[in-house]
Amino acid sequence: MPELPEVETIVRQLRPQLVGRTITAVRLGWSGVVQRPSPARFRAELAGRRIVAARRRAKYFVFDLDDGRALVGHLRMTGRLAVEPAAAPVAALRPEWVRARFDLDDGRCLVFADVRKFGRLALVRSLDEVLPEIGPEPLSAAMDGRWMAAALSARRRLLKPLLLDQSFVAGLGNIYVDEALHLSGLHPLRASHRISRARAESLAQSIKSVLQRAIAAEGSSFDAFYRTPEGQPGRYQDGFLVYGRDGQPCRTCGATIVRLVVGQRGTHVCPRCQPRPRAAPRERAARPARR
DNA sequence: CAAGACTCCTGACGGC
DNA sequence: TGCCGTCAGGAGTCTT
């Protein structure tokens, strides 16, 4: 669920509420949520720490602490974060889904809830301890058309799975990849190394555009899971061009949006705006001239 | 190196 | 009504 725009929204909303606050106690609803160190050390060593900054890297949220360490976490599919007054819990955060609760020195608490238990929290000295290899931030100046053209041709991968690969570019998930591909008129099954420089540049721009718009709309919500820390749904789902719109007319050309599966992920494309590649590149190479 | 299968969980939904 | 199979925004691991 939460991709870059959702995590960015969450961090932005939490920042003013968390920075400067001291964690007075940690309560774990499910100790499996702690990735490292041990749950006991996690609880003990976070108590008394002051939060000095709140930021995002890829889809991770990072709360920097006054001892140089950081509380890091990933929401995966259904994780949620909210700061709530001790007396008035956020309605949607059902108590049985609360995996960790951080009491703050102002009487409120930071709550981490997660239905499916995929989300994780960690207390680390360096992000390297828990973050795998992660590619450039798509909204950075470094990720421009030139970078994209070079990076795509350096790999031989199907386009969509490559964009979902966090070691390639940071923060993209299933929704925004589908949206960005449509904006650039690229089919998800295209081979990365066969994409023209012009299309690659367009793709870089589409990714930035989609993410910026989604952040401006505070993310996307289409079920009960993603809500901002303030409890509000995002609004970007109203602007989806293809995601979840199979069977409906393309907003660009009117053709019917179709759903297919690419890399085990539901994938949405406009068959007219995003023409399918002629054949799998490897098939062609293996069997030259047919017929 | 690339790609697919499988796994971690729980809840919602459709079909019978 | 109720049971069961299927599927879901992520991502790591293992196999082919």
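Letters A, B, ... are given to chains in the order of the sequence lines, protein chains preceding strands, and every chain is numbered from 1. A quick note: this is a predicted structure, and the numbers were derived from the prediction, not measured.
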In this structure, how many angstroms lie between the [atom2] atom of [N] and the [atom1] atom of [X], rounded?
X	N	atom1	atom2	value
A:Phe118	B:dC9	CZ	P	8 Å
A:Arg94	B:dT10	CZ	P	13 Å
A:Glu96	B:dG11	CD	P	8 Å
A:Trp97	B:dT10	CH2	C1'	9 Å
A:Arg99	B:dT10	CZ	C1'	9 Å
A:Arg120	B:dT7	CZ	P	17 Å
A:Leu162	B:dA3	CG	P	9 Å
A:Leu152	B:dC1	CG	C1'	16 Å

Sequence neighbours excluded, which residues qualify as side chain to side chain donor-acceptor pair (under 3.5 Å) partners of A:Arg120?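 A:Arg120: no side chain to side chain donor-acceptor pair (under 3.5 Å) contacts found.
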
Share the residues that join A:Val124 in a hydrophobic cluster, the rule being Ile, Leu, Val, Met, Phe, Trp or Tyr side chains under 4.5 Å apart at the heavy-atom level.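 A:Val124 shares its hydrophobic cluster with A:Tyr60, A:Val62, A:Val72, A:Leu127, A:Val130, A:Leu131, A:Ile134.
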
In the hydrophobic cluster built from side-chain contacts under 4.5 Å, what are the other members alongside A:Val261?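 Joined to A:Val261, directly or through intermediates: none.
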
Reckon A:Pro161 touches a base, only the sugar-phosphate, or nothing at all at heavy-atom distances under 4.0 Å?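 Touches nothing.
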
What integer number of Å spans the P atoms of B:dC9 and C:dT13?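 The same atom, P, in both gives a distance of 15 Å.
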
Give me the distances for all protein-to-nucleotides 5-8 of chain C N/O pairs that come in under 3.5 Å?
from: C:dA8; atom 1: OP1; to: A:Arg259; atom 2: NH2; distance (Å): 2.1
from: C:dA8; atom 1: N3; to: A:Arg116; atom 2: NH1; distance (Å): 3.1

How is the base pairing of DNA chain C summarised as a dot-bracket string, given the Watson-Crick and G-U wobble criteria with both distances under 3.5 Å, [ ] for crossing and | for another strand? .|||||||.|||||||

Close N or O pairs between protein and nucleotides 14-16 of chain C (under 3.5 Å):
none

For C:dG10, does either OP1 or OP2 sit under 4.0 Å from a side-chain N or O belonging to A:His74?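 A:His74 to C:dG10 OP1/OP2: no side-chain N or O under 4.0 Å.
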
Can you check whether A:Lys117 has a side-chain N or O nearer than 4.0 Å to OP1 or OP2 of B:dT10?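 The answer is yes; a side-chain N or O of A:Lys117 sits under 4.0 Å from OP1 or OP2.
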
Listing, residues 158-168 of chain A side-chain donor-acceptor contacts under 3.5 Å, not counting sequence neighbours, or none:
from: A:Lys160; atom 1: NZ; to: A:Asn174; atom 2: OD1; distance (Å): 2.6
from: A:Lys160; atom 1: NZ; to: A:Asp178; atom 2: OD1; distance (Å): 2.7
from: A:Lys160; atom 1: NZ; to: A:Gly266; atom 2: O; distance (Å): 3.2
from: A:Lys160; atom 1: NZ; to: A:Thr267; atom 2: OG1; distance (Å): 2.9
from: A:Asp165; atom 1: OD1; to: A:Ser167; atom 2: N; distance (Å): 2.9
from: A:Asp165; atom 1: OD1; to: A:Ser167; atom 2: OG; distance (Å): 2.7
from: A:Asp165; atom 1: OD2; to: A:Arg157; atom 2: NH1; distance (Å): 3.2
from: A:Asp165; atom 1: OD2; to: A:Ser167; atom 2: OG; distance (Å): 3.4
from: A:Gln166; atom 1: OE1; to: A:Gly171; atom 2: N; distance (Å): 2.8
from: A:Gln166; atom 1: NE2; to: A:Leu164; atom 2: O; distance (Å): 3.1
from: A:Gln166; atom 1: NE2; to: A:Leu172; atom 2: O; distance (Å): 2.9

Shortest side-chain distance from A:Val115, nucleotide among B:dG11, C:dA11, B:dA3: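 Ranking B:dG11, C:dA11, B:dA3 by closest atom to the A:Val115 side chain puts B:dG11 first.
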
Determine which pairs satisfy ring-ring contact (aromatic ring centres under 6.0 Å, His included) with at least one residue from residues 196-221 of chain A, sequence neighbours left out, and list them in order.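 Pairs touching residues 196-221 of chain A that pass the test: none.
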
Does atom CZ of A:Arg146 have more than 12 heavy-atom neighbours, drawn from other residues, nucleotides or ligands, at distances under 6.0 Å?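 12 or below, so no.
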
For residues A:Tyr236 and A:Ser220, report the shortest heavy-atom separation together with the two atoms involved.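 Scanning both residues completely, I find the closest heavy atoms to be CB-OG, 3.4 Å.
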
If you look only at distance, which donor and acceptor atoms sit under 3.5 Å apart when one is on a side chain in residues 248-255 of chain A and the other is two or more places apart or in another chain?
from: A:Arg251; atom 1: NH1; to: A:Asp238; atom 2: O; distance (Å): 3.3
from: A:Arg251; atom 1: NH1; to: A:Phe240; atom 2: O; distance (Å): 2.6

Salt bridge (charged side-chain N to carboxylate O under 4.0 Å, His left out) with A:Glu96: which residues, sequence neighbours excluded?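 Partners of A:Glu96 under the salt bridge (charged side-chain N to carboxylate O under 4.0 Å, His left out) test: A:Arg94.
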
Taking only residues two or more places apart in sequence, or in another chain, which ones meet A:Ser153 in a side chain to side chain contact (heavy atoms under 4.5 Å, CB included)?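 Partners of A:Ser153 by the side chain to side chain contact (heavy atoms under 4.5 Å, CB included) criterion come out as none, since no residue qualifies.
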
Qualifying side chain to side chain donor-acceptor pair (under 3.5 Å) pairs with a residue from residues 39-59 of chain A, counting only residues at least two apart or across chains: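 Every side chain to side chain donor-acceptor pair (under 3.5 Å) pair that includes a residue of residues 39-59 of chain A, provided the two are not neighbours, is A:Glu8-A:Arg56, A:Arg41-A:Glu45, A:Glu45-A:Arg69, A:Arg49-A:Asp66, A:Arg55-A:Asp64, A:Arg56-A:Glu137, A:Arg57-A:Glu137.
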
If the threshold is 4.0 Å, N to carboxylate O, is there a salt bridge linking A:Glu129 and A:Arg36?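 Salt bridge: yes.
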
